[in-house]
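The structure under discussion appears below in the form of structure tokens.
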Number of protein chains: 2
Amino acid sequence: MTELEKGPTGSRRGRGARERIISASQQLFREQGINRTGMNELCAAAEVSKRTAYQHFTGKDELVAEYLRRFDPSVLSGVFDRTDLTPRERLLAAFDISPDTPLCPYIAAAVELHDPQHPASQYARDYKKAVAARLADTAREAGAADPEQLGEQLALLIDGAAARTRVLDADAFPTAAAIAAVLIDNALPATAGHNRRREGVSS
Amino acid sequence: MTELEKGPTGSRRGRGARERIISASQQLFREQGINRTGMNELCAAAEVSKRTAYQHFTGKDELVAEYLRRFDPSVLSGVFDRTDLTPRERLLAAFDISPDTPLCPYIAAAVELHDPQHPASQYARDYKKAVAARLADTAREAGAADPEQLGEQLALLIDGAAARTRVLDADAFPTAAAIAAVLIDNALPATAGHNRRREGVSS
DNA sequence: CGTTAAGCACACCAGGCGGTGTACTTAACT
DNA sequence: AGTTAAGTACACCGCCTGGTGTGCTTAACG
């Protein structure tokens, strides 16, 4: 029928045009930005006919939203589910996204789309809240006095590092990690379970 | 001659079209974003003929750069030059931009233009560095152990609050201020000269 | 006064944008 | 083999974009 929910695999019949489109969007939207990437260009890169693209997505807006939804590639779960680390180490590991990451696409989308009502903007909000929540969970696990506050604070540090990295074109995550270490040490009761040799936590 | 450097007042002869253009750009670029504001629309809002606009600015890019340059409206100097506050209080006052401020236009421009070589992007970088430098100066004045580091940290907090406010559509500056208070207290020797009784720093 | 330049009105451009219509091919499943 | 749907090719749409060309009016200044 018209709607058959062909499933995330997309490999029911054709040659998987949908996946190619999304894959191309991941590349182009990140490299060039959303507004600077036209549908013509995107379809060409995906080696997909324009008509096909508009049979999978009602419009660019929907594609953009899907582009954001298909992101998280373990960036979130890949950090928080590491059982080899203590909760405290996991909190700090969230700042090790150092390698090359261009910029948090959620911030970029919110700025580029400029419309809080846009589906993608709404998803960006949800995602940011989810990250803060997981940070809070981990903070609670680590025994923080006020886990929600610490989670929100660490989330702000991550966003600050992302924004600053973008504007200054220089990695700001080490600075954010240093702040995080201070905040964590301040929020956690001084249990001797982990050797905390941070400097200068005077107060 | 063709170039006569008519001066910033612009009131040499005409009715000050240039100022009206810049004024309109301040409004529209902030409200709608740079990419979503066309030159037609902008000229209409400024009540300026399109032709006149292109006689003042060689292109939209130049106007965007000028738009950023004409910003600072004491946001920077208005905070750091307050002699009624102690250096420590001045550092914290930088987080009181709470009222309504839509979002730091420098971050927005860097994201929207998406080109680090764009004049406006370069200026945004310079401005961010300048803010960090002034924060560092004030930190030094306050007697911080490592003023450069504290300045960079506080700058990151401001950018984080700005970005997060934009994405979440909720004021994130109080959280940033709370972190700032912790960092400042940690960085400053515990001199009794100023009563450090800031509220909301629950940790 | 006349010169000079700031500003204006408006038609116009090429090109990109998001998005469609139509007629076609291909291939999986029955 | 026949059905069915996924995918294709490509011309085409109206609209808006940044940007011009041309000829005109207005007003400050010497």
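Numbered from 1 within each chain, the chains take letters A, B, ... in sequence-line order. All values derive from a computational prediction rather than experimental measurement.
- Using a 4.0 Å heavy-atom cutoff across all strands shown, B/T58 reaches no nucleic acid atom at all.
- Across the protein-nucleic acid pair, A/Y54 atom OH and D/dC10 atom P stand 19 Å apart, rounded to whole Å.
- Heavy-atom contacts from other residues, nucleotides or ligands closer than 6.0 Å to CD of A/E31 number more than 12.
- Rounding to whole angstrom units, CD of residue A/E19 and C1' of D/dA6 are separated by 14 Å.
- Ring geometry for B/Y127 against B/Y106 counts as parallel: the plane angle stays under 30°, on a 0 to 90° scale with 60° as the upper cut.
- With rounding to whole Å, B/R36 atom CZ is found 13 Å from D/dG18 atom P.
- Remark on DNA chain D: of its neighbouring residues B/Q55 and B/K50, the 5'-side contact belongs to B/K50, judged by nearest-heavy-atom nucleotide.
- Distance, A/M39 CE to C/dC17 C1': 11 Å, rounded to whole Å.
- Remark: A/T52 is in phosphate contact with D/dT8, judged by side-chain N or O atoms under 4.0 Å from OP1 or OP2.
- We find that CD of B/E62 is positioned 15 Å from P of D/dG18, with the value rounded to whole Å.
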* To do: List the steps and the verdict of side-chain hydrogen bond (donor to acceptor under 3.5 Å, both in side chains) for A/T175 and B/E152.
  => CA-CA 8 Å; A/T175 298; B/E152 182 64 25; 4.7 Å; no

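- In this structure, A/E112 does not pair ionically with A/R36, as no charged nitrogen and carboxylate oxygen lie closer than 4.0 Å.
- For A/A17, taking side-chain heavy atoms from C-beta onward, the closest of the listed nucleotides D/dG7, C/dC8, D/dC10 is D/dG7.
- At a threshold of 4.0 angstrom between heavy atoms, the contacts of B/E41 with the nucleic acid are absent.
- In the set C/dG21, C/dG19, D/dG19, the nucleotide with an atom closest to the side chain of A/R51 is C/dG21.
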* **CA sep, side-chain torsions, deciding dist, call: B/F95, B/L154, side-chain contact (heavy atoms from CB on, under 4.5 Å)** => CA-CA 9 Å; B/F95 293 86; B/L154 295 180; 4.2 Å; yes

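- The nearest whole Å value for the distance from the CZ atom in A/R20 to the C1' atom in D/dT8 is 11 Å.
- Nearest to the side-chain atoms of A/H56 among the listed nucleotides D/dG7, C/dG19, C/dG7 stands D/dG7.
- Picking from D/dG19, D/dA9, C/dG19 the nucleotide with the shortest atom distance to the side chain of B/K60 gives D/dG19.
- Counting to the nearest Å, the C1' atom of D/dC16 and the CD1 atom of B/I34 are 18 Å from each other.
- A/D61 has its CG atom 13 Å from the C1' atom of C/dC17, to the nearest Å.
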